[in-house]
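In what follows, chains are A, B, ... by sequence order, proteins preceding strands, each numbered from 1.
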Amino acid sequence: MLTSKLGGTTKQPFVPRGQGALFLEFLMPVNPQDDPYYRLRHSLAHVMAQAVLEIFPEGKVAIGPPIEHGFYYDFDLPRSLTPDDLGEIEARMRRIISGNYPFIYRVVSAEEARQLFKDQPYKLELIEGLAQGADEYGELHPDANGGTVISTYRQDTFEDLCRGPHLEHTGQIDPEAFKLMSIAGAYWRGNEKNPQLQRIYGTAWNNKAELDQYLWRLEEAKKRDHRRLGKELDLFSISDEVGPGLILWHPKGAMIRVIAEDFARQAHLNAGYEWVFSPHIGRAHLWETSGHLDFYKENMYSPMDIEGEAYYAKPMNCPFHIQIYKTHLRSYRDLPRRYAEYGTVYRYEMSGVLHGLTRVRGFTQDDAHIFCRPDQVEEEIGRALEFSLYVLRAFGLNEFTAYLSTRPEKYVGRPEDWDRATAALERAVEAHALPYQRDEGGGAFYGPKIDLKVHDALGREWQLSTIQFDFNLPERFGLEYIGEDGQPHRPYMVHRALMGSMERFFGVLIEHFAGAFPLWLAPVQATLIPITDKQLAYAEQVRQQLVAAGLRVEIDDSRDRMQGKIRRAQLQKVPYMLIIGAKEQEAGAVAVRMRSGEDLGPMPLAEFVARAVQEVQTRA
RNA sequence: GCCUACGUAGCUCAGUCGGUAGAGCACGUCUUUGGUAAAGACGAGGUCACGGGUUCAAGUCCCGUCGUAGGCUCCA
């Protein structure tokens, strides 16, 4: 299925662990029956193509489908478009719309179609596909034997190869409710070996209010952009000097990471995991055995030479954990073993795909590998999923969709193991009443998996957790345990990551909270604001008491006036501002102002401490 | 990696026709000691991403490199 490819559920041999694609739903073609905007957006794509061809009569058109929020059309034009061109194209589109041209449908034979589009090479290629029963994306539909029905739609002077449906006439389009958004390069049929076309993206809505609402949402998303907030709140940076895709965690960002890691570290201990550490590099032979040098080399950095021996920076942690497993002969009574590590891995990503914290070249996974007996699989999967939900919910992420990927045509391992594992995954998902989608045949060749995507405060989906079987590595490394029968058996192995990578997880948290972290995560929980220097000594006393209570506080002893200090703390999204003037000093109190702007007035210091400690403990 | 755009002070940005660099914030000093989102004055701060080229003269025009953004592709 086309959408499954775009959905980031393509087959992947080794565990992506949170470093898979973001879910770019914006780019997914939509189905006519699902989407009330389909006709509008599809029609606008045609109108845009007409407008572009008016400017470039020699231009070649490719395809132009509706997508979520809008539409695009791909062109092959004699020159590069500039953002200035969009204005003229929009103006021409409005003129076409005002003509109230009907969209006229007709069925043509393949021969007529070839004649009609004889100057349009991309259309001719599509027609050949259609004549052989493919759809416009080149996907074959076996039920369409003898060829797909070929049809066209025409409005005004522009006739396009199209199966529709469309609006009745252009007058049904609100000329104030669409906007051309951007120009991008796009390969013909999505293949980088094909010519690169120019794609124009547009957004379209039923009326101007809807358009404005959409544009407003884009602005809101911009304000939450973790790259922007990372700078404004001094959380992290990426230095050209260090290199792209490599994250520098500043003290405030690192504080949040440390809190998150500490929380999850304790949670893992409670859940029966054992912590391990492993090095960042390993000999080439290890990666040959694991198969990474066969299957994952594209993502690995060049080896370094150490005394004539090649070593690779690790792209995954699994081979190291396997080595730890192999240091003993394991009894069936020793299983399951659950090895957890915040493991930092390095993967080559093409420069064009790097993005803030969510797509990087070096990152730390909250990784774990579970080695267990076949009869323990069911319970281990259930526990892993339960645990994943527990951890994510602790961070205020409460909405999830699960994706279950099953056995592909090419696979390793025994079918009965696959069936058992897949059934275990399915039961686990159903037991938690999670909404889920099955991707039949979408699993990796080495095992089925569940991916969890979380929905953030703006409803956007992010892939973080993954729980994945591996029938490959135990085989390659010859893993064994001694069973009750005194014979060696092969253990099951499960990879899992909950937060995914700390980098991406942090990025999602920043955007989810728009930088206003809940008290337990806030790097600075309270700013003490003395009104005059006369209160500095008292402020220091207060600070020490708050620190003793386990709170993270700063004194703003700058020369600014109180208003300026409040403003600064507010912009830094500090949860509490504690104003200290003569009155508070006198009373042994602090005047509490919250980040929301609410003024709680003066309260005894002990009362504030109790309140804050309670808030931290409940992770409210 | 590919397409397009962009790269000027720590940050956000201006810089016209090619004529040797500007603002606000932040920073420093001084004055001001204040009651819930910015007190005032002065000052310091630049290899205009980097490297070439054109020109009497380049932040500005051209080429290359690096980086960033939005896409594409990739995420075996």
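- Proximity of the aromatic rings of Tyr214(A) and His69(A) is defined here by a centroid distance below 6.0 angstrom, and this criterion is met.
- Ala591(A) comes within contact range of at least one nucleobase, with a heavy-atom separation under 4.0 Å.
- For the OP1/OP2 pair of rG70(B) and a distance below 4.0 Å, the side-chain nitrogens and oxygens of Arg227(A) include at least one atom meeting the criterion.
- A 3.5 Å limit on both hydrogen-bonding distances identifies rC66(B) as the Watson-Crick or G-U partner of rG7(B).
- Going from the C1' atom of rC48(B) to that of rA14(B) covers 13 Å, rounded to whole Å.
- Ile529(A) comes within contact range of no nucleotide atom at all, as no heavy-atom separation falls under 4.0 Å.
- A sub-4.0 Å separation between OP1 or OP2 of rC74(B) and a side-chain N or O of Tyr187(A) is absent.
- Salt bridge annotation for Glu88(A)-Arg92(A): present, with a cationic side-chain nitrogen under 4.0 angstrom from a carboxylate oxygen.
- Across all strands shown, Glu584(A) has heavy atoms under 4.0 Å from base atoms, whether or not it also approaches the sugar-phosphate.
- Among the atoms of the strands shown, none is found under 4.0 Å from any heavy atom of Glu298(A).
- When the C1' atom is used for both rG59(B) and rA49(B), the distance is 12 Å, rounded to whole Å.
- Using a 4.5 Å heavy-atom threshold, the side chains of Leu425(A) and Phe469(A) count as touching.
- Listed candidates were rU36(B), rC72(B), rG67(B). Nearest to the side chain of Ile566(A) is rU36(B).
- A side chain to side chain donor-acceptor pair (under 3.5 Å) with Tyr576(A) is found for exactly one of Glu615(A), Arg595(A), Arg593(A), namely Glu615(A).
- Under the Watson-Crick and G-U wobble criteria, each requiring two contacts below 3.5 Å, nucleotide rU36(B) is left unpaired.
- Among the atoms of the strands shown, base atoms are found under 4.0 Å from some heavy atom of Asp599(A).
- No engagement by Lys565(A) is indicated, since no non-hydrogen atom pair under 4.0 Å with the nucleic acid exists.
- Between Phe75(A) and Tyr73(A), the ring planes lie parallel to each other; the angle is under 30°, not in the 30° to 60° tilted range.
- Within the 4.0 angstrom heavy-atom criterion, base atoms lie near Gly352(A).
- Nucleic acid contact class of Ala184(A) (heavy atoms, under 4.0 Å, all strands): base.
- Counting any heavy atom pair closer than 4.0 Å across all strands shown, Arg568(A) reaches no nucleic acid atom.
- Among the heavy atoms of the strands, none lies under 4.0 Å from Lys297(A).
- Within the nucleic acid shown, Gly581(A) comes within 4.0 Å of at least one base atom, counting heavy atoms only.
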